[in-house]
Amino acid sequence: MKKIDFPPEESMYRTALVELLYQLADDDFILAYRGSEWLGLAPHIEEDVAFSSINQDMMGHAAMFYQLLEDLGEGDVDDLSHSRKTNERKNGVLLERVNGPGHYLGKHEFDWAYTVVRHYFYTQFKKVRMDSLKTSSYQPLADVAVKVRMEIYYHLLHWKTWFLQLMQSNSDSRGRMEKAVQRVWDDVDSLLCYGPNGDDIVKAGLIEAEDKLLQRWKHFLTPVFEAVHLSIPEKLKPAAASGREGVHTKDLEEALAVLSEVYYMDTTASW
Amino acid sequence: MNEEMILKALHKVKDPEIDSISIVDLGMVETIKEEENRLIIELLPTFMGCPALDIISENVKKQIISLHLYHHIDIQFIHTPPWTSNRITERGREQLKSFGIAPPPAQLSESGDWEVSCPYCGSQYTAIENLFGPTACRSILYCKSCKNPFEAMKPISTLM
Ligand SMILES: [Zn+2]
């Protein structure tokens, strides 16, 4: 397919591109935020250092995707990340779920198993997604994908190690992990779909079809699941809410309230 | 264009987190060009979320201004080609060591394991403690010979 550097105004191509960029940016942004809520609370000090570093990388990736949107005239990066309302957000619902009940400043029961499973599933998906975006018809996006792909190599290694270790640890750990896997499966469809403009996104050559990515993603998960004697469901449960259409849970609303509270204290501050 | 003077000035811009190595030896400088009296410098960020990028950009500007050669200077971060750890020069690798940081393993061995020599004693008898270190581009290792913890630059390649 022909490579494009500047999409024509008011074209189907441009609409599809903008839609996909919002999904990419919002996915990384909200999960980086959820990750950063663990700061100081991770199971041990080494993990605290590692997780912070991963969150910083992910926030950097979100910033790059927002930058591509800014370049298309969608608005300024800080506004795009901080001031858009809940119903304007396009992230998959899986990524907005709280880490557990409670608040990170007060009493809380954050669930490490859930965090490990969600991050592992997401990072593996992100890898498959970036592999496909490398040949995107939109050249600036393909360039960013090459860069992101290299950085998440270490993220994936990290989460896969945690996943295998906790799955193969004692029965308490195994039980928590199985519960977490179930919860993540219930939401995973929200991640793998491109939303109402999905067909246009694929037709524009921006990324390959959803089922192709799903297949590849399952292909990567299979040996890991086999190693811990778990099976991958044949069919995924349809997502409860379609984040890609701007339908979200109150978890996202609350997270955005916290985020924008800080942002609106001084919108001219440089971050 | 006086490329030699510009390069000399860029050599004075150090990585804010490792002040023994310049951005030139880190392999961050991709192009230096002049367009209509405007100097354009294109830099490659090591990691995209690196918080030091703004500082680097400011410092580059300061150094170029001090040359009194250009009124208009444009510093741009670009992503193609992507920065990879083999862009670090031989001199840069030595400078990292003098800072107590092992340079990135030149090539990933087939198993994906790293062979990293201790920057203090040169021993190969080292182990990775944490893939993630104090900054995005570094990992924490331990030398089993001289029993020192140390950091190493992560290998980053398009093959990963
Ligand atoms: Zn040593």
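In what follows, chains are A, B, ... by sequence order, proteins preceding strands, each numbered from 1.
- The environment of B:His11 atom NE2 is dense: over 12 non-hydrogen atoms of other residues, nucleotides or ligands sit within 6.0 angstrom.
- Counted within 6.0 Å of NZ on A:Lys160, heavy atoms from surrounding residues, nucleotides or ligands total 12 or fewer; the atom is thus considered open.
- To the nearest 0.5 Å, the span separating CD1 on B:Ile140 from CD on A:Glu46 amounts to 7.5 Å.
- The CG atom of A:Asp48 lies 10.5 Å from the CG atom of B:Asn130; values are rounded to the nearest 0.5 Å.
- Only the side chain of B:Thr84 comes within contact range of chain A, with at least one heavy atom under 4.5 Å from a heavy atom of that chain.
- Contacts of residues 68-81 of chain B with chain A at a heavy-atom distance below 4.5 Å involve B:His79, B:Thr80, listed in sequence order.
- When the shell of 6.0 Å around CG of B:Asn37 is examined, it contains 12 or fewer heavy atoms from other residues, nucleotides or ligands.
- In this structure, B:Cys50 and A:Gln56 approach most closely via the heavy-atom pair CA-NE2, 4.1 Å.
- In plain terms, the two heavy atoms of A:Val49 and B:Gly133 that are nearest each other are CG1-O, 3.4 Å.
- The shortest heavy-atom contact between B:Ala136 and A:Ser53 is CA-OG, 3.8 Å.
- Atom CZ of A:Phe6 sits in a sparse spot, with 12 or fewer heavy atoms from other residues, nucleotides or ligands closer than 6.0 Å.
- Ranked by non-hydrogen atom pairs under 4.5 Å with chain B, the options A:Met58, A:Glu47, A:Arg149, A:Met59 are led by A:Arg149.
- Residues B:Phe47 and A:Glu151 come closest through the heavy atom pair CA-OE2, 3.2 Å.
- Side-chain contact between B:Pro155 and A:Tyr153 is absent, with no heavy atoms from C-beta onward closer than 4.5 Å.
- Looking at residues two or more places apart in sequence or on another chain, you find no side chain to side chain donor-acceptor pair (under 3.5 Å) involving A:His119.
- Scanning residues 14-35 of chain B against chain A with a 4.5 Å heavy-atom cutoff picks out nothing at all.
- Heavy-atom proximity under 4.5 angstrom to chain B picks out A:Asp143, A:Val144, A:Val146, A:Lys147, A:Val148 from residues 140-148 of chain A.
- Neither the backbone nor the side chain of A:Ile152 comes within less than 4.5 Å of any heavy atom of chain B.
- Of all heavy-atom pairs spanning A:Met150 and B:Pro82, the tightest one is CE-CB, 3.3 Å.
- Relative orientation of the A:His158 and B:Phe132 rings is perpendicular, given thresholds of 30° and 60° on the angle between their planes.
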